[in-house]
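Numbering starts at 1 and runs along the sequence shown. Note that ligands are numbered from 1 as they come in the structure, with each ligand's atoms numbered from 1 the same way.
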Amino acid sequence: MSRVQQAARCVLRLQQVPVRARSTAAVAQDAAAAEAVTSWDTARSYADIPGPKPLPVIGNAWRFMPVVGNLHGLGFDELVETLHAEYGPVCKLSGMPRPDLLFVNDADTVQSVFRNEGTWPGRKGTHCIEHYFRDVRENYVPSLSVSHGKEWQEFRTAINQVMMQPRNIVQYVEPIDNVAQDFIDRMRLIRTAAGKMPANYTHELGKWALESISYVALDTRLGLLEKTLDPASDAAVMMTAISGVFDGIYDLDIKPSLWKWVATPAYKKFIGSMNVFTGLSSKYVEKAVTRLKTISKEDLEKSNRSVLENLLLNTDDPDKAVSMAMDMLLAGVDTTSAVVSTIMYQLATNPAKQAKLQEELDRVLPDKNVTITKDQMEQLKYVRACVKETMRIMPIIPCNFRDVGKDQVIGGYQVPKGTITVMANVLTHRAEKYFPQGSQFLPERWLPGGGKSSHPFAFLPFGFGPRMCVGKRFANLELESLIAKVFRNFTLEWNKPPAKTKFILMLHFETPLEFTVKDRP
Ligand code: HEM
């Protein structure tokens, strides 16, 4: 059974998030937050933070049980919504078999959390991945997303110089566009006789995302978009291994599991997938190490070095390059493919916006078959606006997380060091006070003069600060490149009732994305 099926309880109807009436307590708390108490001595105690009251012994766990529990079966986004409506913009969920969660759903308070996060922002990573790096493969450096403190900072500094510099991204415009072109050819190949995308279209988008990011992380085209895929090929094996790792994260970190005490079947499967994944990543990193040895220092300085080559030169440690490559592949496949599917859905269901996008594409890219240049990319302002507006209205990651680094006043309450803070994008992104007509898909709001948002902390799809998404620039390049190519070549139609989505680690479509795809001149 796939992790998608396993999580069938997390069902949410797309764009039908109920707008609940705010309770009196919630409204009063909005006013209290406005007073902005910042001193620890005058702040109210942690115990005063509103939230569902735990019962003796069973705490709040019963609320998630079938039949009796009012929070049973909610997706994470719906849980956040429900707590916000009942208890206000700062509330907590305590009395659970896991640490308390502090929910912060107001952009001012989000701002104060991020502004006080310090130089080593804490964010819990996936335990099973951290365990793999620290305990199973002791020779490997823990990957960026699961490292902490000084260890994280040193790694991140080296990675930032490679991943966050615009000059290092520009050289990828052409190769990433080539991957997009291969995907266009593949869309023509997999289109059914009725002119539709097949029911497994999101899997195809996953292949595009892995093909794109493995070019960045491993300096190689795996060949996932070829007509037929040999099941024994590195491409197919890598795809299966990554899927196995995600199943493992869900089975070991999200579902209740005994893996920390017993090697359960799910644990063994996870370790097996990680071993395959590490082995393949190492193979390509070693190729790059060998290649670098054959290039003279002068030639190396003159050449446009790839991300992997720069990582190897900056860290002087192939193991770090392997663990970073694995992070990129784990963090950069499901995210990017989920976002691109949401953009296609928004445009297919908003034909007037799609037509406007195509006007821009026809003007900037008169020949749909040539490779897009950096200058053309820069002119695609409406493409960029559509990407942003989709990430606003349909965030694939419902919340940003931080472990509070020191005792801190948040929303007028004393919050102890170590508390897990959950900052709900799903609420701030759609709130009328930050985004007028927030439930409508209006890419124009991101164009100059469009009045994008009144608050800089209301829209943070890639997180914020020193720990923000390190792949943001690559993700945007991939998204803009594919959206430009797809809508320059095709018109997408959605001829079915509104699609259903669900949150399992992130947003997925439950309804197959069988777009009707019509060729454009
Ligand atoms: C549209 C697609 C993507 C979205 C929405 C996204 C979103 C995020 C978010 C919200 C975070 C947490 C940031 C924070 O805590 O402040 C994050 C972290 C991260 N992302 Fe992305 N991401 C995307 C694509 C990518 C890609 C393509 C890569 C790889 C090239 C990547 C690599 C990472 C890594 C390594 C981290 C951990 C950074 C750290 O802990 O220092 N992401 N991402």
Close-contact set for ligand 1 against S145 heavy atoms, below 4.0 Å: 37 (C), 40 (O)
Heavy-atom gap F474 to ligand 1 smaller than 4.0 Å: no
Salt bridge (Lys or Arg N to Asp or Glu O under 4.0 Å) partners for K92, two or more places apart: none
If you measure every N/O of E478 against every N/O of ligand 1, is any gap under 3.5 Å? no
Tell me which protein heavy atom sits closest to atom 12 (C) of ligand 1, plus the residue, atom name and distance to 0.1 Å. R123 NH1, 3.5 Å
Can you list the ligand 1 atoms lying under 4.0 Å from a non-hydrogen atom of V339? 1 (C)
Compile the donor-acceptor pairs under 3.5 Å between side chains in residues 472-484 and protein atoms, sequence neighbours left out, one pair per line.
residue: R473; atom: NE; partner: M164; partner atom: O; Å: 2.9
residue: E480; atom: OE1; partner: R384; partner atom: NH1; Å: 3.2

Which of the numbered atoms in ligand 1 are below 4.0 angstrom from a heavy atom of P461? 5 (C), 7 (C), 10 (C)
Atom 16 (O) of ligand 1: which protein heavy atom is closest, and how many Å away? R402 NH2, 2.8 Å
Indicate the atoms forming the closest heavy-atom contact of A107 with T428, along with that distance. N-CG2, 4.1 Å
Contacts of atom 21 (Fe) of ligand 1 with protein N/O/S atoms, counting only those under 2.8 Å: C469 SG
Holding to salt bridge (Lys or Arg N to Asp or Glu O under 4.0 Å), I want the full list of residues that pass it with R488, two or more places apart in sequence or in another chain. D362
For F464, take its heavy atoms, then give the atoms of ligand 1 lying under 4.0 Å from any of them. 16 (O)
Any salt bridge linking D234 with K283? Criterion: basic side-chain nitrogen under 4.0 Å from a carboxylate oxygen. yes
Is a salt bridge present between R186 and E226, judged by a nitrogen-to-oxygen distance below 4.0 Å? no
Considering heavy atoms of the protein only, find what lies nearest to atom 38 (C) of ligand 1 and give residue, atom and distance to 0.1 Å. R156 NH1, 3.4 Å
Minimal non-hydrogen separation, V110 against F457, with atom names: CG1-O, 4.1 Å
Side chains of S145 and D327: donor-acceptor distance under 3.5 Å anywhere? yes
